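No experiment lies behind these values; they were computed from the predicted model shown. Only heavy atoms go into these numbers, but all of them, side chains included; no hydrogens, no water, no symmetry mates.
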Amino acid sequence: MRLTVLLSLMSVLAGTPSLAQLQLQFDPTIPVTRNGQLLDLAWAGGLNFAQASSVDLNGDGIKDLVLFDRSGNQLITLINDGSPGNGAYRVTRDMDLVAPFQSLHDWVLFRDYDCDGKDDIFTYSSAGFAVYRNISTGSNLAFQLVNGQVRSEYVGQSGGSVNANLYISSVDLPGLVDVDGDGDLDVLTFSLWGTSVEFHKNLSMELYGTCDSLKFELRNKCWGFFTESFSDNSVTLNADCQFNVPNPEIGEGTERTDGEEEEGGPRAHAGSALTPLDLDGDGVLELLLGDISFNNLVGLYNGGTVDLAYMVDQDTLFPSYDQSLDLAVFPAGFYVDVDNDGKRDLLVSPNATSLAQNFQSMWYYRNVGTDAAPVFQYQQPDLFQNRMLEFGEGALPVLFDHNGDGLMDLLVANHGYFETGGAYTGKIALLLNTGTASEPAFTLATDDYMSLSNSGIGLSMFPAFADLDGDGDLDMYIGDLQGRIHYFQNIAAGPVAQFQLAQPNINDASGQMIDVGQFATPIFTDLDGDGLTDMIVGERNGNLNYYRNTGSAQSPAWTLVSEALGNVSTTEHWNITGHSVPFLYVNEDGAREMLLGSESGWLYRYGNIDGNILGAWTRLDSTFMDRRDGIRTGVCLHDFTGDGKLDMVIGNYRGGLSFWRSDTPSGAGIGSMAALPTFSMYPNPASGTVTLDAEGNDWIGSRWVIRNGMGQLALSQATAGNRTTIDLGALAAGAYLVRLEGATTSATQRLMVIEPAR
């Protein structure tokens, strides 16, 4: 049958655009600008509380970057294109379905334990950790579980021992490094019953002469001979550690008898992050220590030896020689080479899941010393975040043509931005579509739409639009954290919307204030086909509330018909909450279906709605596209690319968005990584001219197309053989997207144009 896509404002009012196919592909190249700057990582999905590791994801021999965000247990994969500078990274979603990426939780660190040059996965597992070996071949990334719970020989004070899981809490971050310099990977971690650090020595080299095993023994219960206070993050040096093992660290003369645990040790440890590294180039490891309730890093300096660590000095405001870290709450350090200069840098992010900085939460210290003796120089508090759409905690996209130009804009609701002192400020952002009907481009016009942060509504504002007073323009309802809904009338005299609060805490038809519990997410549609706009409201419990309009087109009256519309639920058996966020559309057969964001992050799809409004709808899918963007997702669909099929935008609790298009994709990060077309571009940054090399791609009949940050065409030139030089004299300084466009190939890269030197 013939398919029709509803593109008018009335389709938004009805809440039922059409979806011709369920085939969508991630496209990170849709241009987005903020304050005149092109955001080349715009659609990466945001960051809150990230753990950073280096690993070669695509088999090109260059270390890429993996960021594991504790806010939703989500991996963000950034491909390193190999050029100097942190701008070399681009986001990809090609690794989403690599096992076990979607099942990792609490903490994830990549380390090469078997010395094969490929980084393996270390991750939390049942009061300990599991290890997945990297078995990748070429560009095919793959991992295999080798140990679901690594064990260690725990030695007691008398020398007796017991074999048990090597304890690491879900809150702590361990130090995974070759502590004793023998070539295999050891473990530093806080003990279960103490405030000291345990050294678990890997015996792989001693027993087998290779580094490919995971056989550990506790060799020191007080590594570095320091203790951390239970009540704060103060450190006591030269601790006596009377509870230690015989011959700590060296391990000579350890008696193997029955297991024995120490008694009378300190109280249980609350949570710390360990970053072992050599700070002064003397070949022994120092330690950066982050604590759960504090905003600073403590640097502990090792005056001992490789065989026996002994901390002799501390920097409580590390790095006190530069800008000291100040990052609430629970900072954790990660020692990785970010800028491709061969020297590992320091990244610091909260090892938290909430109540911490969420939009400037990736502090970057560049190593201006050497890799053997680093010197860290503060660069910025928002590495990568400043190149993303980043809305703090929470990002739920909603369609609305704010300026009436016929191009669909996006409003983005969040839970809130973290503020000093632990408070949050809720806002709604406006992304104006400044592209065309077939080539969308977005500009962040404001992060505080209509100054709603000052409205008194508070956190988790979620907007919905319909003509509720019959005057021909769209008014706005806002759901909130408390489960209530507020009515804003559109008082604009022209096409650009202007809203004024008309009724806070709206009532139902009986005069009772509407309250669905918590986290109200309303949408509007004529559900029963009587010509009046009805209201469906998602909520924290994962169900849907149906309010039928029993009033008129000029004055709605909301009558609660069902608190379990369609028997819809987005609550998983391991969660008590569902956070349903509904979106209605029309499928390829002209029937209404619904997609819902959820607490778990999976997108739910329901059908069998028409003719069955008050019946049980059919759950068609609970893992739509097998893609998950993180927890507390929201989704909207619209034909942004003008091909007659709907594209999709997904938001998540990390505070960012991803764009999924239905037409033929183009640009880096889409489809099979091995099949991606590439081209070289040099110099970059450039002034005067830039040379573009198609590197063996099908360049015949192709063109080089350069667009500015607004998505507007800046230059277009036919390819001149395999290599083309383009005059940039007509371009202003700034960021551009360069695309090789042909009949069978396309690729996109970011170009920085700078003023010529004078």
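Annotation: side chain of V398 is in contact with side chain of F462 (closest heavy-atom distance under 4.5 Å). Between W660 and M625 there is a side-chain heavy-atom pair separated by less than 4.5 Å. Residues D405 and P495 form no side-chain contact, since every pair of their non-hydrogen atoms from C-beta on lies 4.5 Å or further apart. Here the side chains of S293 and N233 are not in contact, with every heavy-atom distance at 4.5 Å or above. The side-chain heavy atoms of D27 and W43, taken from C-beta on, include no pair separated by under 4.5 Å. Taking 4.5 Å as the limit, some side-chain heavy atom of L104 sits within range of a side-chain heavy atom of L75. Between I79 and V91, every side-chain heavy-atom pair lies at or beyond the 4.5 Å cut-off.
Note: F400 and F499 have tilted aromatic rings, judged against thresholds of 30 and 60 degrees for the angle between ring planes. Between H105 and Y124, the ring planes are perpendicular. Angles over 60° get that label, and only those under 30° would be called parallel. Note: H415 and Y653 have tilted aromatic rings, judged against thresholds of 30 and 60 degrees for the angle between ring planes. The aromatic rings of Y606 and Y604 lie parallel to each other, their planes meeting at an angle below 30°, with 60° marking the opposite boundary. The aromatic rings of Y449 and H402 sit perpendicular to each other, their planes meeting at more than 60°, with 30° as the lower class boundary.
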| query | Which is it for V412 and L657 under the side-chain contact (heavy atoms from CB on, under 4.5 Å) test, yes or no, and what are the steps along the way? | reply | CA-CA 9 Å; V412 186; L657 305 175; 3.9 Å; yes
side-chain hydrogen bond (donor to acceptor under 3.5 Å, both in side chains) between N358 and E393: does it pass, once the steps are laid out?
CA-CA 6 Å; N358 54 27; E393 281 173 62; 3.0 Å; yes
*For Q385 and S361, run side-chain hydrogen bond (donor to acceptor under 3.5 Å, both in side chains): C-alpha distance rounded to whole Å, both residues' side-chain angles, the deciding distance at 0.1 Å, then the answer.*
CA-CA 8 Å; Q385 293 171 300; S361 57; 3.0 Å; yes
Stepwise ring pair (Phe, Tyr, Trp, His ring centres under 6.0 Å) check, F359 with F418
CA-CA 7 Å; F359 62 96; F418 181 84; 8.3 Å; no
Is there a side-chain contact (heavy atoms from CB on, under 4.5 Å) between I514 and M535? Walk through the geometry before answering. CA-CA 12 Å; I514 292 178; M535 182 168 61; 4.0 Å; yes
Subject >> D345 and R366: CA distance, side-chain angles, deciding distance, salt bridge (Lys or Arg N to Asp or Glu O under 4.0 Å) verdict >> reply: CA-CA 5 Å; D345 310 294; R366 184 170 183 263; 5.3 Å; no
For V348 and F334: C-alpha separation, side-chain torsions, deciding distance, then whether side-chain contact (heavy atoms from CB on, under 4.5 Å) applies. CA-CA 6 Å; V348 188; F334 304 94; over 6 Å; no
For a side-chain hydrogen bond (donor to acceptor under 3.5 Å, both in side chains) check, start with the C-alpha distance between S580 and T570, then their side-chain angles and the critical distance, and finish with the verdict.
CA-CA 6 Å; S580 54; T570 58; 4.7 Å; no
Is there a side-chain contact (heavy atoms from CB on, under 4.5 Å) between C636 and L410? Walk through the geometry before answering. CA-CA 9 Å; C636 66; L410 288 171; 3.7 Å; yes
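Remark: side-chain polar atoms of D639 are not paired, donor with acceptor, to backbone N or O of L646 under 3.5 angstrom. Judged by distance alone, the side chain of N35 and the main-chain N or O of Q37 form no donor-acceptor pair under 3.5 Å. Between the Y424 side chain and the L355 main chain, a donor and an acceptor come within less than 3.5 Å of each other. The main-chain N or O of T92 is found under 3.5 Å from a side-chain atom of T77 such that the two form a donor-acceptor pair. A distance-only check finds no donor-acceptor pair linking the side chain of S349 to the backbone of Q51 [under 3.5 Å]. For Q357 (side chain) and N48 (main-chain N/O), no donor-acceptor pair under 3.5 Å exists by modelled atom type. Remark: side-chain polar atoms of D647 are paired, donor with acceptor, to backbone N or O of F640 under 3.5 angstrom. A donor-acceptor contact shorter than 3.5 Å is absent between the side chain of D315 and the backbone of P319. In this structure a side-chain-to-backbone donor-acceptor pair under 3.5 Å is missing from S53 to V66. Side chain of R34 to backbone of M388: a donor-acceptor contact under 3.5 angstrom is found.
Of the inter-residue distances, the one linking R540 atom CZ with I576 atom CD1 reads 5.5 Å to the nearest 0.5 angstrom. With rounding to the nearest 0.5 angstrom, the CZ atom of F49 is 12.0 Å from the CZ atom of R654. The structure places CZ of F442 at 10.0 Å from CE of M408, a figure rounded to the nearest 0.5 Å. In this structure, the separation between CG on D469 and CG on D475 is 4.0 Å, given to the nearest 0.5 Å. For the atom pair CZ (R628) and CZ (F101), the distance works out to 14.0 Å, reported to the nearest 0.5 Å. Here L565 contributes atom CG and L560 contributes atom CG; the two are 10.5 Å apart, rounded to the nearest 0.5 Å.
If you look at W363 and Y378, their ring centroids are closer than 6.0 Å. F524 and Y477 have their aromatic ring centers within a separation under 6.0 angstrom.
Between G597 and L603, the closest heavy-atom pair is CA-CD2, 4.0 Å. For the residue pair W558 and T533, the shortest heavy atom distance occurs at CZ3-O, 3.4 Å. The two atoms that bring P504 and L501 nearest to each other are N-CD1, 4.0 Å, heavy atoms only.
D448 and K427 are not joined by a salt bridge, as no carboxylate oxygen comes within less than 4.0 angstrom of a charged side-chain nitrogen. Looking at D629 and R93, a side-chain N of the basic residue comes within less than 4.0 Å of a carboxylate O on the acidic one, giving a salt bridge. Using a 4.0 Å cut-off between charged side-chain N and carboxylate O, D40 and R387 make a salt bridge.
In this structure, R627 is not positioned above the aromatic face of F26 in the sense of NZ or CZ being under 6.0 Å from the six-membered ring centre and within 45° of the axis.
Between the side chains of T425 and S453, not a single donor N or O lies within less than 3.5 Å of an accepting N or O. Counting only N and O atoms by type, the side chains of S272 and E228 include a donor and acceptor under 3.5 Å apart. Counting only N and O atoms by type, the side chains of D326 and N295 include a donor and acceptor under 3.5 Å apart. Remark: the E439 side chain and the T641 side chain contain no N/O donor-acceptor pair separated by less than 3.5 Å.
In E419, the CD atom is crowded: over 12 heavy atoms of neighbouring residues, nucleotides or ligands sit closer than 6.0 Å. Counting heavy atoms of neighbouring residues, nucleotides and ligands inside a 6.0 Å radius, atom CG of D232 exceeds 12 of them.
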